[in-house]
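What follows is one structure encoded as structure tokens, with my remarks underneath.
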Amino acid sequence: MDIYIHDTLTGARRRFEPLVPDRVSMYVCGPTVYNLAHIGNALPAVAFDVLARVLRLYFKHVTYVHNITDIDDKINAAALANGEPIRALADRFAAEYRADIAALGVLNPDVEPRATEHISEIIDMIETLIDRGHAYAAEGHVLFDVPSDPSYGSLSKQSLENILEGARVEVAPYKRDPKDFVLWKPSSDELPGWDSPWGRGRPGWHIECSAMIRKHLGPSIDIHGGGSDLTFPHHENELAQGTCVEDGQVYVRYWMHNGLLRMGDEKMSKSLGNIATIRSLRGEHPGEVLRYALLSGHYRGSLEWSDDLIRQARSSLNTLYQALVDAPGDNGATSENFHDANVDAFPETVLAPLRNDLNTPQALAAMHAIAGDIHKTGDAARARALRDQLLAGGWLLGILGTPANDYFQHAAGADPGWIESMIEKRARARDSRDFASADAIREELAASGIELEDTASGTRWKVMR
RNA sequence: GGCUGGAUGGCAGAGUGGUUAUGCAGCGGACUGCAAAUCCGUCUACGUCGGUUCGAUUCCGUCUCCAGCCUCCA
């Protein structure tokens, strides 16, 4: 059993081996909470959720830390515009974010740290960087001294000259080098601030993550994930801080970056405004459908988000649920039953692609193969075993979490009792070969969004979806 | 301009030096009173131009196009 992960730093797929056997430390950058999250924000949450599920099967201790950035200029601006206290606004949208990704089946991380709760760790780390000659204070700011880190640029594969040439930001006069970035900056009285050796101020974005990683996972971690748009400068800067604060320690063993969702041929982003919020999407679609859509592409690719993608995901997921409905015996079980199952309980055909750099499209293909086998086998015991395989695979992917019947019957616009009585009426009509009446009843149900299926064991109904 | 990655059938999207991805949709058939679900069959593929090779969608190079990053961003 080997797990492979594509590592951004080396640009290669590498066999995964944690620093300490049986212990995996994983950190994923979460959102800055100043408004509702969009579906692009959910991609890393979902992808790394699947990774965590897989890793927990093979390693006894997995610590998954997923942060929330709750101190940021955009938060300040949003709070000001709202006339709302900054802390209240950040808390509110942090809760909204949690609710949104929970609806997509994302399990809670082990730790969900907030930057504002780690100010002393941040200050400590900045002081260490200054002591070691990698940072300097100037005019109330503290800046990281980029030229002091010879390997700067290695993660984003940028040469220092190119960073300079491409720079579109004005260079502050207190910077020794244009590439130096802020670790600490002063705050005015109306902005949030904390006392520090450099006066009242607040942390820069990059140091927050480094300090929280250090606190919760230590100086050297196994996996660091996030969107590919964070590679530069955020993760490059984190790498510089995390490396320079120690002597020759590897800050991150595997850097993982998910691709970005596109909408209308462009990256979905709050700045561009071409976003679909998770909130609005899950008003229209089950969270599981949205999750399936996200998993239908490989996490490193760029997936085109569209209504058609959602429609296809919905149909595909229906097919899997249909197999559960058609499996003989009790179909009240869900993938949730495999929450604590041993690795042997999971289908290798689904697991193997996931171990190979989280190949979710291939895993889903294997799920459909199992679903097909459920229909094709004539053996009831075999079908039940396959049903369990399907549910187990569903657990890894975070889908099939609803009892199959409920999935097709929940949110029925009509009273189930009425539906059953209509079905009975139709059965009598069919028995007397009055197909015109029988079809009329079926039409009437269809008008209420109810679809009928006549099976060998009787007629069953489901909500059209 | 620099860096990184990508171009696969109607759509989405894996993968592979020679053999079916898969799903969605379409078409034909089976089943059904008719449907639905399911099963069987089936049509559209690997951006361009070269090279390596017995053989390339898969390796190498060229070109074209696209996206991301170089500024906050998942």
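For R430(A) and G33(B), a side-chain-to-base donor-acceptor distance below 3.5 Å is present, hydrogens and geometry of angles not being considered. With hydrogens and angles ignored, a donor-acceptor pair closer than 3.5 Å exists between the side chain of K74(A) and the base of C72(B). With hydrogens and angles ignored, a donor-acceptor pair closer than 3.5 Å exists between the side chain of D439(A) and the base of G33(B). For a distance-only test at 3.5 Å, the side chain of S271(A) qualifies as a donor-acceptor partner of the base of C72(B). Side-chain to base pairing of Q312(A) with C11(B): one donor and one acceptor N or O lie within less than 3.5 Å of each other. With hydrogens and angles ignored, a donor-acceptor pair under 3.5 angstrom links the side chain of R442(A) to the base of C34(B). With hydrogens and angles left out, the side chain of D454(A) and the base of C31(B) share no donor-acceptor pair within 3.5 Å.
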Study note, to complete from the structure: Here RNA chain B, pairs taken as Watson-Crick or G-U under 3.5 Å and shown with ( ), [ ] when crossing and | when to another strand, reads (((((((..(((.....[...))).(((((.......)))))....(.(((..]....))).))))))))....

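To the nearest angstrom, P of G33(B) lies 20 Å from CZ of R428(A). Taking atom CG on L155(A) and atom C1' on C69(B), their separation rounds to 12 Å, with Å as the unit. If you measure from atom CG of L320(A) to atom P of G23(B), you get 10 Å, rounded to the nearest angstrom. Following rounding to the nearest Å, R311(A) (CZ) and A25(B) (P) show an atom-to-atom distance of 6 Å. Remark: C1' of A25(B) and CD1 of I310(A) are 17 Å apart, rounded to the nearest angstrom. Between the CZ atom of F232(A) and the C1' atom of C72(B) there is a distance of 13 Å, given to the nearest Å.
Using a 4.0 Å heavy-atom criterion, one finds that G301(A) contacts no nucleic acid atom at all.
Taking atom C1' on both nucleotides, U16(B) is separated from G10(B) by 24 Å, rounded to a whole Å.
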What N/O pairs connect the protein and nucleotides 58-61 of chain B at under 3.5 Å? Give each pair on its own line.
none

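Contact check, S306(A) against C11(B): no side-chain N or O comes under 4.0 Å of OP1 or OP2. Phosphate contact (OP1/OP2 of C69(B), side-chain N/O of K157(A), threshold under 4.0 Å): absent. Proximity of K267(A) to the phosphate of C69(B): a side-chain N or O atom is located under 4.0 Å from OP1 or OP2.
Residues F16(A) and Y254(A) bring their aromatic ring centres within 6.0 Å.
Contacts classified as ring pair (Phe, Tyr, Trp, His ring centres under 6.0 Å) and involving residues 294-332 of chain A (residues at least two apart or in different chains) are given here: Y321(A)-Y407(A).
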